[in-house]
Amino acid sequence: MHFPLLQDLLIILCFSVVIVYLLQRIKLPSIIGFLITGIIIGPYGLSLVDVVEQVEVISEIGIIMLLFVIGMELSLKQLLSIKKTVFIGGTLQVGLTVLASAVVYYLAGASVNEAVFVGFLFSLSSTAVVLKLFQDRNEISSPHGRNALGILIYQDIIVVPMMLVVPIMAGQSSNITMSVVSLLVKTIIVIGITIVGARYIVPKLMHAIARTRSKELFLIATMTICFSVAFLTSKVGLSLALGAFLAGLIISESQYSHQATGIILPFRELFTSFFFISIGMLLDLEFFVSNIVIILGILLLVFFLKSLITALAVAVLKYPPRTVLLTGLSLFQVGEFAFILSRAGIEFNILTETTNQYFLAVSILSMFFTPFVIMYSEHIANFLLKSRPAYELGKKVLAGSKTEDSKQFEIDNHLVIIGYGLNGSNLARAAIYANIPYLVIELNAETVKRERQKGIPIIFGDATNIHILEAANLLQARAVVIAISDPVASKIITANVRVISQSAYLLVRTRYIKETEELISLGADEVIPEEFETSVELFSRILHNFLVPVDDIDDFIESLRSDNYHLFQGRKKVPITVKPTKIPDFKVTCVTINKDSGDIVGKSIKDSNIRAKYGINILAISRNDNMIYDIEPDEKIYQNDLVFIHGKPENVDRFHKLVS
């Protein structure tokens, strides 16, 4: 029995392993390896794969899973927080790109319809490539990561009206009004189902499934939700990927989103790799080589045009120059939905075969270079900001808040909090409680406006800009806390803080331990990595439970942190020990007196003879929210009392059953 798909999958996997391994050895992203794999084994390369269509189906599953996981890592609240980016930024980016591309192509001699359609194609960026890279770099929640996500969501939505317009442009349809109205009605229904499902249905369903403790059932249920919503949106006329994203949002509102993400990730990585391989298979090498000069020229034009337009769209939303540039650089490529749109263009004779080959070559090449551009985007942005035009732009954006704020907040010996998210706002509350003067730097204009109305001392600005740090009077600050989620920006801010002040105590919050050493080398006094601080707290509580002396626990935690958490990384440098303590064979616990009568309820401790009969000692009693610590023999026990007891585990359990 012969299975051509199995043979082709084996070829794909073998080539992928070898090529990606070689690229990883020279520190290049795996996405490039997958694209190269597709080019080599595809129909225009060595022609080793016959069932290209089936590989494309598998790749579609990869896109669905990618957007599903991204949706699970967000929430409806977070999505609403970037609604301006989605609708204003997305509209400007797509609209201006379509206009600019159409004008250029029309001047090159194309018809109006073909020029506008080419504008449609080049306005779309790659959700799969960009979000995958941002996830790998832990930048999905950074300001430029959120902006890119918002614009990409808009592109995924706008591709549907573009598909509807194609027959009209080709002169083969006239009833566009009914199609648009029908689509709007169906879209509203899908959004309504998403909200209801997220709030009321899915949390209860996931809870019922989780109670079974069946990993298999949990996996199947998660995948069912994903593909059901994706299928529903596709039937409405929206994209499968958008449906998968909505499905992820639905699950994100439940407490089981982290478990669902964990079990989906391995499958996502596998299927997403097939997507990039299938894209590589589309490249016609012979056409590419014979037209390399024209293709590279178009690629450079697309790079500058799309980066500039995206940057302008973000600048309108009043983001600082650095965020503007980073967002623009991240969305210069042409995306996967453009490939679907191009097929419609060929089908309705709007796009010629030659133009399509140029489009495919430029698109694949733009995807190929995207990892490099994002990798060096910081350096590019820093270089541009040092140039005169960008410097003047930065001064204009930041001058207003700087002048106003430096007059309004003239304080010293204060705390500077950079970032007013969950950690930053909690720290501000603690500062108020402790009567510590503080000042917040935040680059979300809406947050600044809202918190200023509440009387919070907060200034608008990008803390990577040294002038903003000076506006916060950092030279006279006693301490600085960097509480943002952008790892690259945290490093720049750390270095800039040390340029201004060598004496301020600098504490940096980061997500991963691997970022700790570099931040300390840049000047941070302490770095708090979230992933290991949770481990510290867990083990600290375990040590308390095992009755390890408090001083020993404090010494252990201090040694652990000073050793840069090497114990948890399996490469301990300095000996970290806890004095051995013989664990006594008794248990300390609290039990509720639920019974209203019996041998104990309503009787004194002396009359019940609790110690002799049950082998336990009563340490304290909580009654009506009052604690009784001095327990006398005549003290009585009543229903609903909380009784703190200690004794051997079996005696404690026996007593618990007696009073419950």
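By convention here, the first residue in the shown sequence is residue 1.
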Residues, nucleotides or ligands: over 12 heavy atoms within 6.0 Å of Phe231 CZ = no
Please report the shortest heavy-atom distance between [X] and [Y], naming the atom on each side.
| X | Y | answer |
| --- | --- | --- |
| Arg498 | Leu522 | CG-O, 3.8 Å |
| Val334 | Ser366 | N-OG, 3.1 Å |
| Ala472 | Val416 | O-CG2, 4.1 Å |

Does any N or O in the side chain of [X] come within less than 3.5 Å of the main-chain N or O of [Y], such that one atom is a donor and the other an acceptor?
| X | Y | answer |
| --- | --- | --- |
| Lys83 | Gly150 | no |
| Thr233 | Ala230 | yes |
| Gln93 | Ser123 | yes |
| Gln333 | Ser330 | yes |
| Arg452 | Ile458 | yes |
| Lys84 | Leu317 | no |
| Arg478 | Ala504 | no |

Do we see a donor-acceptor contact under 3.5 Å between the side chains of Glu442 and Thr447?
-> no
Test of ring centre spacing under 6.0 Å for Tyr319 and His144 = no
Before giving the answer on side-chain contact (heavy atoms from CB on, under 4.5 Å), spell out for Phe460 and Ile468 the whole-Å C-alpha distance, their side-chain angles and the decisive distance to 0.1 Å.
-> CA-CA 8 Å; Phe460 169 78; Ile468 289 296; over 6 Å; no
Test Ile432 against Tyr438 for side-chain contact (heavy atoms from CB on, under 4.5 Å), laying out the working first.
-> CA-CA 8 Å; Ile432 294 171; Tyr438 73 95; 3.5 Å; yes
May I ask you to decide whether Arg146 forms a salt bridge with Asp486, counting only side-chain N to carboxylate O separations under 4.0 Å?
-> no
Any chance you could lay out the side-chain contact (heavy atoms from CB on, under 4.5 Å) test for Thr97 and Gln155, step after step, and finish with the verdict?
-> CA-CA 12 Å; Thr97 305; Gln155 291 179 2; over 6 Å; no
